[in-house]
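To keep things clear, I will list the structure first and then write my remarks on it.
Values below: every heavy atom of this structure, side chains too, minus hydrogens, waters and symmetry copies. Since this is a predicted model, take the numbers as computed values, not measurements.
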Amino acid sequence: GLDLNVHGHVLDDGKSAVIVAFNRSSTDKAFSYSFALSELGISGAVRSTSDGVAVAGGKVTLSGDMRGLSALVFELSLG
């Protein structure tokens, strides 16, 4: 995982990736997390297919409102 509450996977086709963020508390919260594409072994052009994803300069920033004990799923298209 990228950290304890954020996990990312490049899918088998190598053309997409999914990042899942978990809110393990029972309290609603605003979520924000940034990481370098290289942390997932990704290089080249990336575009988002999900709300709450910004990609710039080899860095991805994820954001959204999370309900307690929930998860957010973010999708990226690669290449």
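Note that the CG atom of Leu2 and the OH atom of Tyr33 stand 4.5 Å from one another [nearest 0.5 Å].
Shortest non-hydrogen contact noted between Gly44 and Leu37 is O-CD1, 4.5 Å.
Under the rule for a ring pair (Phe, Tyr, Trp, His ring centres under 6.0 Å), the partners of His7 that lie at least two apart in sequence or sit in another chain are Phe22. Applying the ring pair (Phe, Tyr, Trp, His ring centres under 6.0 Å) test to Phe35 and every residue at least two apart in sequence or in another chain returns nothing.
By the 4.5 Å heavy-atom criterion applied to side chains, Ile19 and Leu40 are counted as neighbours. With a 4.5 Å cut-off on side-chain heavy atoms, Asn5 and Asn23 do not count as touching. Counting heavy atoms from C-beta on, the side chains of Glu39 and Val60 never come closer than 4.5 Å.
Summarising the local packing, CG of Asp51 is surrounded by 12 or fewer heavy atoms from other residues, nucleotides or ligands at distances under 6.0 Å. Crowding of Asp12 atom CG: a count of heavy atoms from other residues, nucleotides or ligands under 6.0 Å not exceeding 12. Counted within 6.0 Å of NZ on Lys59, heavy atoms from surrounding residues, nucleotides or ligands total 12 or fewer; the atom is thus considered open.
Hydrophobic clustering of Ile, Leu, Val, Met, Phe, Trp and Tyr side chains at less than 4.5 Å, counting indirect connections, keeps Leu62 apart from Val20. Both Met66 and Val6 are members of a single hydrophobic cluster when ILVMFWY side chains are connected at heavy-atom separations under 4.5 Å.
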All N/O donor-acceptor pairs, side-chain side in residues 67-79, below 3.5 Å, sequence neighbours left out:
from  : atom 1 : to    : atom 2 : distance (Å)
Ser70 : OG     : Arg67 : N      : 3.3
Ser70 : OG     : Arg67 : O      : 2.6

